[in-house]
Amino acid sequence: MMTTVAGASTTLTGLPELVPEPVELPGHLAALRAEVRAFLDAERASGAWTPRADVWLSGWDEGFSRRLAERGWLGMTIPVEYGGHGRGALERYVVTEELLAAGAPVAAHWVADRQIGPSLLRHGTEEQRRAFLPGIARGEVYFGIGMSEPDSGSDLASVRTRAERVDGGWELSGTKVWTSGAHHAHAFFALVRTAPKDDAHRHAGLSQFLVELDRPGVEIRPIPLLTGAHHFNEVRFDRVFIPDERVFGELGNGWAQVTGELAFERSGPERFLSTYPLLAALVGELRATGSGGVDAGTRRRIGSLVSRVWTLRTMSLAVAGALESGQAPELAAALVKDLGTRYENEIVDAARLLVEIPPDPGAEGGFARLLADAVLHAPGFTLRGGTNEVLRGIVARGMGLR
Ligand SMILES: Cc1cc2nc3c(=O)[nH]c(=O)nc-3n(C[C@H](O)[C@H](O)[C@H](O)COP(=O)(O)OP(=O)(O)OC[C@H]3O[C@@H](n4cnc5c(N)ncnc54)[C@H](O)[C@@H]3O)c2cc1C
């Protein structure tokens, strides 16, 4: 039950309300959903791709991104004057959740479409918007995320990559790490120090630079996964020249900008749907054994997983609605990510326990391949985008508990 105290939503216990007002999807979005589903059915039928788990990290397919763009499903929230479609966040939500549920290969455009577009609109110069937004909406310009460094993951304020002032711009030196997709991407925003660290004001003196990854002095080195697959990279800067027009946002405002970017990064449906294609395949396998072969405990477990995806979606939609109305729902985004990523792991556990099909990373598709990818990627679910321990700290602080 809720009440309002001094303009802030609180519960009757006096604690702040955790999740924004629920959002009802307008009825007309059903037509958009049907259109996306028909497109995905046709793609699958043509053999263009096979559904996989955790596609937004590993399903890099530039042709697919372009085909989506041709239908107007990339850059949906980017204004028309910048090559986008001027549509709402909830319309984009419908498209993204359908893509993830289908296990479609969305990695190429994911970061650019999810967080770079909104950040460019919020903090970019007119020239930067015109240079990058149309390519993002066409599915031709891809971005990575240049935040983490060796020894600076959770504690991002401790980044050591630095920018020194030089004639006409800045020179970057340092190392970024765990940079997903940097070997394919065109650019990223690098969070760097532009003023020495002051322990009393740790978040001051940080800035963002829009770094095109083909600049001289940028070295991209692969960090293979256990499977040998290449998604991660270490990105080294050796006195990389960045002209003044690629300073991103305000010098010294890097911390606030990154925090805003993280709200987009943490709150979307990818934080609970990474293993949804495995859940669908699990239900398919159980159904194939016939109702006589599925015990009550299994049915309860599946029922619990299916009902919780609905709860998570309701919460995630509420965050999308709050973002659309200009609020900054960082606390709710942290909460959805914590609950959602643990849920993704529970699907993997259930799939391993309830069906006697071993994971097979060499399989073309189907349950064995979905399970193999999900098992191998699962350790990252609760780490990427901020670890769950850190997110709980954010929630506790937001509730005034620490
Ligand atoms: C699949 C994947 C993709 C990624 N892609 C990118 C990317 O594209 N770009 C990018 O910049 N980064 C990326 N990352 C990095 C990711 O953001 C970091 O791994 C994450 O922020 C944690 O940082 P860390 O690895 O340095 O661990 P650390 O910060 O060293 O944490 C180690 C452990 O200590 C715990 N811990 C740390 N501080 C606290 C605290 N204050 N309270 C309680 N516990 C704490 C953590 O929860 C964790 O369990 C990716 C990571 C993964 C797994």
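This is a predicted model, so every value here is computed, not measured. Start at 1 with the first residue, then count along the sequence. When a ligand or atom number is given, it counts from 1 through the structure's own listing order.
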With a 3.5 Å distance limit and no angle check, can you tell me whether [X] reaches the backbone of [Y] through a side-chain donor-acceptor pair?
X      : Y      : answer
Arg33  : Glu98  : no
Tyr343 : Leu305 : yes
Arg52  : Gly365 : no

Using a 4.0 Å cutoff against the non-hydrogen atoms of Met147, which atoms of ligand 1 qualify? 11 (O)
If you count the atoms of ligand 1 from 1 in the order shown, which ones are under 4.0 Å from a heavy atom of Leu383? 20 (C), 53 (C)
Is the shortest side-chain N to carboxylate O distance from [X] to [Y] below 4.0 Å?
X      : Y      : result
Glu126 : Arg130 : yes
Arg71  : Glu35  : no
Glu261 : Arg114 : no
Arg165 : Asp244 : yes

Hey, is ligand 1 close enough to [X] that some N/O pair sits below 3.5 Å?
X      : value
Val390 : no
Ile145 : yes
Asp155 : no

Which word best sums up how the rings of His203 and Trp255 line up, parallel for under 30°, tilted for 30 to 60°, or perpendicular for over 60°? parallel
Angle class for the Phe248/Phe189 ring planes (parallel below 30°, perpendicular above 60°, tilted otherwise)? parallel
Under 4.0 Å, heavy atoms only, figure out whether ligand 1 is touched by the backbone of Thr387, its side chain, both or neither. side chain
To check your reading of the model: name the closest protein heavy atom to atom 8 (O) of ligand 1, its residue, and the distance in Å. Ser180 N, 2.9 Å
shortest atom 26 (O) of ligand 1-to-protein heavy-atom contact is with Gly153 CA, 3.3 Å
In this structure, does ligand 1 have an atom that sits under 4.0 Å from one of the heavy atoms of Phe188? no
Non-hydrogen protein atom less than 4.0 angstrom from [atom]:
atom                    : answer
atom 11 (O) of ligand 1 : yes
atom 29 (O) of ligand 1 : yes
atom 33 (C) of ligand 1 : no
atom 22 (C) of ligand 1 : yes

Using heavy-atom distances only, which candidate in [options] approaches [atom] most closely?
atom                    : options                : result
atom 43 (C) of ligand 1 : Arg392, Glu149, Glu389 : Glu389
atom 31 (O) of ligand 1 : Gly144, Ser154, Ser148 : Ser154
atom 7 (C) of ligand 1  : Phe232, Phe189, Trp178 : Trp178

For Ser158 and Ser152, which I'm curious about, is there any donor-acceptor pair between the side chains at under 3.5 Å? yes
